[in-house]
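Every heavy atom of this structure was used, including side-chain atoms; hydrogens, water molecules and symmetry mates were not. Note that this is a predicted model, so its numbers are computed, not measured. In listed order, ligands and their atoms are each counted from 1.
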Amino acid sequence: MTEVQLQEFKLDPDSELRFEVESKNEKVVLEVKSGYAELFGTELVKGKPYEFHTGAKVAVFTWHGCTVELRGRTEVSYMAKETPMVVYLNVHAALEQQRVAAEQESTRGPVTMVVGPGDVGKSTLTRILLNYAVRMGRRPIYVDLDVGQGHISVPGTIGALLVERPASIEEGFSQQAPLVYHFGHNSPGENLELYNTIVSRLAEVIAERCENNKKASTSGVIINTCGWIKGAGYKVLTHAAQAFEVDVILVLDNERLYNELKRDMPKFVKVVYLPKSGGVVERSSTQRAEARDARIREYFYGKRTPYYPHSFDVKFSDLKIYKVGAPSLPDSCMPLGMRAEDALTKLVSVWPSPALHHRLLAVSFAAGPDDDVLHSNLAGFVCVTAVDMERQTLTILSPQPRPLPTTVLLLSELQYMDNH
Ligand code: ADP
């Protein structure tokens, strides 16, 4: 336990300050006093206070040396000289060369996928590479296939964003007009058929958009993935690599995965092994669940900038709720020409019941159940905060005021207890 209120650190060139905020309702303020520093690829402004809250695990890196001040209680805070940042910068430089070539030849920029087990810094490396690209004036596309954390939108989804400015230190990448698809579970293993279907769909839509946006196309795509890398998890990764037609796969901290990908990927795909940072912190399953919860809370209530969601009642009869995936039957029981797996991507009508309490519902852009729902992206999410079977109504927490759009709602397995 440390009870330090004010700490000053003098960082040498090429080193970083790592700290964690653990205690509940704790706040730590970071300020660069002199020199230059960056946080996961975003430059810090000298003299500007940045706030970090419970659960934050942070590294402030400096290429040229700096002095940093921390105010508040940190559970851990130390300086580290050993970091893989030079290696990551070299990866960025190589991607940048490919972007220059793409620009000259009017071709597509590099499509890069970051893979590795859980807690090796995949999301962090994705953020660093996107930040470096956008700081060079590029407009890369950020794709997040990690349904467990859901950095774009909420957990249980996959999505993409056009990155037009570096991530905000406190709030991450700007969430304007993200492209989001519903999965509804926090691991791809819950429905592989559906996961692969939406990954292919997202890849297709991004390819189309790149055709109409030369700047994004030459800037390329950076894809973050789930930490599930064995057995079916490996197949999911190779399917994503194919769907996005990746050029580069960055493998963090797992030699077996690196060798498997080297063996199985076509020759034109560059598979690169990268060390993980010693600073990356392993999270317990409770911490992961807390992070998921915090992500959903942020979706409704905002992070630094507060949002004010609406709460209202909706009649059962005004709702069209579906879940994706009927129980699968053996092939011998299926109608002619249908595979058992087809059931996993079927829409099944859900009648409201107390089981919906606390569940998230995805608001689809699809107008009706016959409108290719799986291939339609999402407008957003609402959460069921109460079910009244007598009055036949649901109480809904929603970012938008009533009425709820009369489109299709998709039931997610993810839950959120709204005790804000
Ligand atoms: P993954 O995506 O592989 O699960 P993350 O990138 O989410 O891993 O990293 C796990 C945690 O470690 C995050 O909370 C992140 O902020 C933290 N982290 C990453 N790099 C560092 C570092 N160099 N120093 C301290 N914390 C770090």
Side-chain angles (χ1 to χ4, degrees), residues 9 11 14-22 28 30 37-42 44 50-63 68 70 74-89 91 112-131 142-152 155 158 167-173 186-188 222-229 233 237 240 249-254 257-258 273-295 298 303:
F9 299 89
L11 287 165
D14 241 346
S15 66
E16 69 186 19
L17 167 68
R18 296 169 182 161
F19 65 90
E20 289 179 41
V21 190
E22 277 297 318
V28 170
L30 159 81
E38 58 182 46
L39 193 145
F40 302 145
T42 306
L44 292 158
Y50 296 99
E51 277 184 18
F52 297 89
H53 297 267
T54 314
K57 302 176 198 315
V58 184
V60 178
F61 179 82
T62 178
W63 293 104
V68 177
L70 288 185
T74 53
E75 218 66 9
V76 187
S77 55
Y78 66 100
M79 291 187 282
K81 284 191 192 301
E82 294 280 321
T83 80
M85 287 301 281
V86 173
V87 184
Y88 296 172
L89 184 67
V91 171
T112 309
M113 188 161 95
V114 182
V115 302
D119 296 333
V120 289
K122 294 182 297 301
S123 321
T124 307
L125 176 62
T126 306
R127 177 164 167 172
I128 292 171
L129 292 175
L130 288 165
N131 274 333
Y142 166 27
V143 171
D144 189 21
L145 302 183
D146 183 0
V147 287
Q149 294 298 321
H151 295 281
I152 297 172
I158 62 167
S168 133
I169 298 289
E170 288 146 333
E171 299 188 279
F173 289 107
N186 56 30
S187 164
I222 301 190
I223 307 165
N224 184 33
T225 58
C226 291
W228 184 35
I229 55 168
L237 286 181
I249 303 184
L250 305 174
V251 186
L252 274 171
D253 196 48
N254 193 288
L257 179 61
Y258 168 73
Y273 184 86
L274 294 177
K276 76 165 186 180
S277 164
V280 178
V281 188
E282 269 190 37
R283 287 166 294 185
S284 62
S285 52
T286 324
Q287 282 172 323
R288 272 169 207 279
E290 276 169 10
R292 269 199 288 276
D293 221 47
R295 188 71 202 100
E298 243 172 74
K303 204 171 182 181

Worksheet item: Would you call Phe61 a ligand 1 contact, heavy-atom distance under 4.0 Å?
Response: no
Worksheet item: At the 4.0 Å heavy-atom cut-off, does Gln149 count as touching ligand 1?
Response: no
Item to complete: Would you mind finding which of Arg288, Arg127, Arg283 brings a heavy atom closest to atom 7 (O) of ligand 1?
Response: Arg283
Worksheet item: When you measure from atom 15 (C) of ligand 1 to each heavy atom in Lys57, His151, Lys276, Met85, which option holds the nearest one?
Response: Lys57
Region of [X] engaging ligand 1 - heavy atom pairs below 4.0 Å:
X	answer
Val58	backbone
Ser123	both
Glu16	side chain

Hey, does [X] come in under 3.5 Å of ligand 1, counting only N/O atoms on both sides?
X	answer
Asp119	yes
Val120	yes
Val281	yes
Val280	no
Gly121	yes

Backbone N/O of [Y] and side chain of [X]: donor-acceptor pair under 3.5 Å:
X	Y	value
Thr83	Ser15	no
Lys303	Glu170	yes
Asn224	Thr126	no
Asp119	Arg283	yes

Nearest protein heavy-atom contact for [atom]: which residue, which atom, what distance?
atom	result
atom 25 (C) of ligand 1	Gly279 O, 3.2 Å
atom 19 (C) of ligand 1	Thr124 OG1, 3.3 Å
atom 22 (C) of ligand 1	Ala59 CB, 3.5 Å
atom 1 (P) of ligand 1	Lys122 N, 3.5 Å

Practice prompt. Would you give the length of the straight line joining atom CG of Leu30 to atom CD1 of Ile169, rounded to the nearest 0.5 angstrom?
Written response: 8.0 Å
Worksheet, complete the sentence: Rounded to the nearest 0.5 angstrom, the CG-CE distance for Leu145 and Met113 is 8.0 Å
Worksheet entry | Full working for side-chain contact (heavy atoms from CB on, under 4.5 Å) between Cys226 and Val147 | CA-CA 7 Å; Cys226 291; Val147 287; 4.3 Å; yes
Worksheet item: Considering the options Val280, Leu130, Leu250, Val91, which one meets the side chain to side chain contact (heavy atoms under 4.5 Å, CB included) requirement together with Leu125?
Response: Leu250
Worksheet item: Among Leu252, Val120, Val251, which residue meets the side chain to side chain contact (heavy atoms under 4.5 Å, CB included) test with Leu274?
Response: Leu252
Worksheet entry | Heavy atoms from other residues, nucleotides or ligands near CD of Glu171 exceed 12 (cutoff 6.0 Å) | yes
